[in-house]
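These numbers were taken from a predicted model, which means no experiment stands behind them. A note on names: the letters A, B, ... follow the listed sequences, proteins ahead of strands, and every chain is numbered from 1. When reading the values below, keep in mind they use all heavy atoms of this one structure, side chains included, and skip hydrogens, waters and symmetry mates.
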Amino acid sequence: MAMLDLRRIRTEPEAVIAALDRRGPGTSDPVKRVIELDAAHRRVGAERDEVRGRIKSLSKEVGRLRGQGRTDEAEALMAESRALGEREKELAAEADRLAEEIRSTLLVVPNTPSDDAPDGAGDADNVVLRTEGYDPDAYGPHQRVPHWEIGEQLGLFDFERAAKISGSMFVMYRGWGARLLRAMVQLSLDRNADAYVEVRPPTLVRTETMVSTGHLPKFADDAYHVERDDLWAIPTAEVPLTSLHRDEILDAGDLPLRYCAYTSCYRREAGAAGKDTRGLLRAHEFDKVELLAVAADAEQAIACQEDVLARSEGLLRDLGLAYRVVDLCAGDLGASAARTWDLEAYAPGVDQWLEVSSVSWFGDYQARRANIRVRPAPEVGPDGTATRPKGTVVAHTVNGSAMGWPRTVAAYLETHRQPDGSVAVVEALRPYLGGAVAITPP
RNA sequence: GGAGCGGUGGCCGAGUGGACGAAGGCAACGGUCUUGAAAACCGUCGACCCGCAAGGGUCCGUGGGUUCGAAUCCCACCCGCUCCGCCA
């Protein structure tokens, strides 16, 4: 399965090329190659079909002649058919080779950015849409303490033992730290239960499942692979959630379908050695609550994307965190995404905006890879009669972290640290922490 | 790990090596009937490629093979299910 619609590439090549090159010069080069390959593939395919057609009609004739006992004549046609068979084999092999090359080329081409995504080459060009609850002068010295120090004072983490058990960039929570994490997860799950079906998917998945979201084949180095059983550890719940409806045809009337999942996520962070090595900011394994929607079309998908963003924002507000919404520019967009809004929470202790959520619309890119189709809803004409359009269309997908927890925990601890060194428990979390109002030293 | 069974169109499900992709049922859509609906009845009802069109071709898990001709026979692989064993 390709990812960009081959028909779209055929009918509007310039538009596709221009859109891809907004990601960076040369991004569209493989597509240009695909256009040539496609032309060749169709030419060869037509020729092969012609030969096959002749073989087919010869075969029929053979059957007829045999039935009439005219074996000599049949024999002659059989010889002719055999000869054509050789030619057919050559053409078929060539057509298959071309199809395979098209497929594998297309598989590594990223999605076309939405027209609404801002121009730009890298993260410096991202656009801050708005900033909420941030006043740089409002933070006291007690908040300018990095979360790993807070954690040490309050006994919330155990990085040394995590490293002993699993190596560097693994994290262990303990005591109030573990409880705080669990409270946040539960809060997040509960807050979305009204519209999102909670699932607990497997976190080891098949290769096709990783291919569907676009994590393979291009980003194999970023993922943990269990070779013995050829399974992959998911880098995000987006992976199993997107494949929930793989190879299915959904009824437009049932859409959008919305899911919410809490899972561990695994990332090798191969290119990030030495970056953010302290504390919770970057780890090989972390927890995340993910929201996902399968929509019928772009319009519905964008509405879903806005809903996910609003929900994630609401959660940050409830946690009393300052945050900003960032519109990723074309050059900084993930490969599968058409448009992405990042939520960055402000962490006063490390004085950084931490990406805690990423809300993306994938157009039909992932759904095409995953073969998720939609049977359109009946259209009501001016005379009041309903007609269901023929065929199916490819679905759209949207997903976003309801929240990526380690960074949220970091921003939370630093924001809510009190002058006495304790950390306040905001109201929304209290029910999940036995009514506690503050986290204090053990 | 051992033994067995199976993968066919939106769904269920038939299918003899030779008549277009494939019976039948369900669903869907159009119509008749009805105040409207249901029921009943009639009809339509896969995708893709080449072609202005007529028309032709491909596709019955995947890939090979046998054959003049394969959904149908053979081989390999993938996936699923059942039973037994082991185990949280």
Base, sugar-phosphate alone, or nothing: which one does Arg54(A) contact when heavy atoms must sit under 4.0 Å apart?
->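 Result for Arg54(A) = nothing.
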Is Gly53(A) touching bases, backbone alone, or none of the nucleic acid, heavy atoms closer than 4.0 Å?
->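 Since only primed, P, OP1 and OP2 atoms lie under 4.0 Å of Gly53(A), the category is sugar-phosphate.
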Which pairs, with at least one residue in residues 424-435 of chain A and sequence neighbours excluded, count as a side-chain hydrogen bond (donor to acceptor under 3.5 Å, both in side chains)?
-> Asp190(A)-Tyr432(A)
For the [atom1] atoms, the ones on [N] and on [M], what distance do you get once it is rounded to whole angstrom?
N	M	atom1	value
A71(B)	U16(B)	C1'	12 Å
G24(B)	U8(B)	C1'	14 Å
C45(B)	G10(B)	C1'	11 Å
A88(B)	C81(B)	C1'	23 Å
G18(B)	G1(B)	C1'	45 Å
C49(B)	G36(B)	P	43 Å
G9(B)	A22(B)	P	15 Å
G64(B)	C52(B)	P	31 Å

Is the backbone of Phe362(A) close enough, under 3.5 Å, to the side chain of Asn111(A) for a donor and an acceptor to pair up by distance?
-> yes
Main-chain N/O of Leu77(A) paired to Ser81(A) side chain as donor or acceptor, under 3.5 Å | no
Residue-phosphate contact under 4.0 Å: Lys56(A) side-chain N/O, C20(B) OP1/OP2 = no
C49(B) phosphate, OP1 or OP2: any side-chain N/O from Arg10(A) under 4.0 angstrom?
-> yes
For Arg246(A), enumerate each residue passing the side chain to side chain contact (heavy atoms under 4.5 Å, CB included) test, keeping only those at least two apart in sequence or located in another chain.
-> Glu208(A), Thr209(A), Ser212(A), Ser243(A), Ala370(A)
Qualifying residue for side chain to side chain contact (heavy atoms under 4.5 Å, CB included) with Val62(A), from Arg70(A), Glu73(A), Glu75(A), Met78(A) |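 Only one of Arg70(A), Glu73(A), Glu75(A), Met78(A) forms a side chain to side chain contact (heavy atoms under 4.5 Å, CB included) with Val62(A), namely Met78(A).
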Integer-rounded Å distance: [N] [atom2] and [X] [atom1]:
X	N	atom1	atom2	result
Glu47(A)	G51(B)	CD	C1'	15 Å
Glu50(A)	C49(B)	CD	C1'	13 Å
Leu91(A)	C49(B)	CG	C1'	15 Å
Arg103(A)	G63(B)	CZ	C1'	14 Å
Ile9(A)	C49(B)	CD1	P	13 Å
Asp254(A)	A27(B)	CG	P	17 Å
Asp49(A)	C59(B)	CG	C1'	11 Å
Arg43(A)	G56(B)	CZ	P	25 Å

Quick one, give me the B/S/- string for nucleotides 65-79 of chain B, reading 5' to 3', where B means a protein heavy atom under 4.0 Å from the base and S means that only happens at the primed atoms, P, OP1 or OP2.
-> ---BS---------S
Output a table of nitrogen or oxygen pairs between the protein and nucleotides 7-11 of chain B separated by less than 3.5 Å.
from: G10(B); atom 1: O4'; to: Arg375(A); atom 2: NH2; distance (Å): 2.5

Would a 4.5 Å heavy-atom cut-off, applied to side chains only, mark Ile439(A) and Leu156(A) as touching?
->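 Yes. Closest side-chain heavy atoms under 4.5 Å.
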Give every residue pair that meets the salt bridge (Lys or Arg N to Asp or Glu O under 4.0 Å) criterion with at least one member in residues 280-296 of chain A, sequence neighbours excluded.
-> Glu269(A)-Arg282(A), Asp276(A)-Arg282(A), Lys288(A)-Glu290(A)
Using a strict cut-off of less than 4.0 Å between a Lys/Arg side-chain nitrogen and an Asp/Glu carboxylate oxygen, indicate whether Arg206(A) and Asp230(A) qualify as a salt bridge.
->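 Between Asp230(A) and Arg206(A) there is no salt bridge, as every charged N stays at least 4.0 Å from the carboxylate O atoms.
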Pairing residues for Tyr259(A) by the ring pair (Phe, Tyr, Trp, His ring centres under 6.0 Å) criterion, not counting sequence neighbours =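 Tyr259(A): ring pair (Phe, Tyr, Trp, His ring centres under 6.0 Å) contacts with His245(A).
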Can you find a side-chain donor-acceptor pair between Thr27(A) and Asp21(A) that sits under 3.5 Å?
->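 Note: Thr27(A) and Asp21(A) side chains miss the donor-acceptor criterion.
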Pairing nucleotide - [N], Watson-Crick or G-U, each distance under 3.5 Å:
N	answer
A40(B)	U32(B)
G1(B)	C84(B)
G24(B)	C12(B)

Parallel, tilted or perpendicular, as decided by the 30° and 60° cut-offs, for the rings of His396(A) and Trp361(A) = parallel
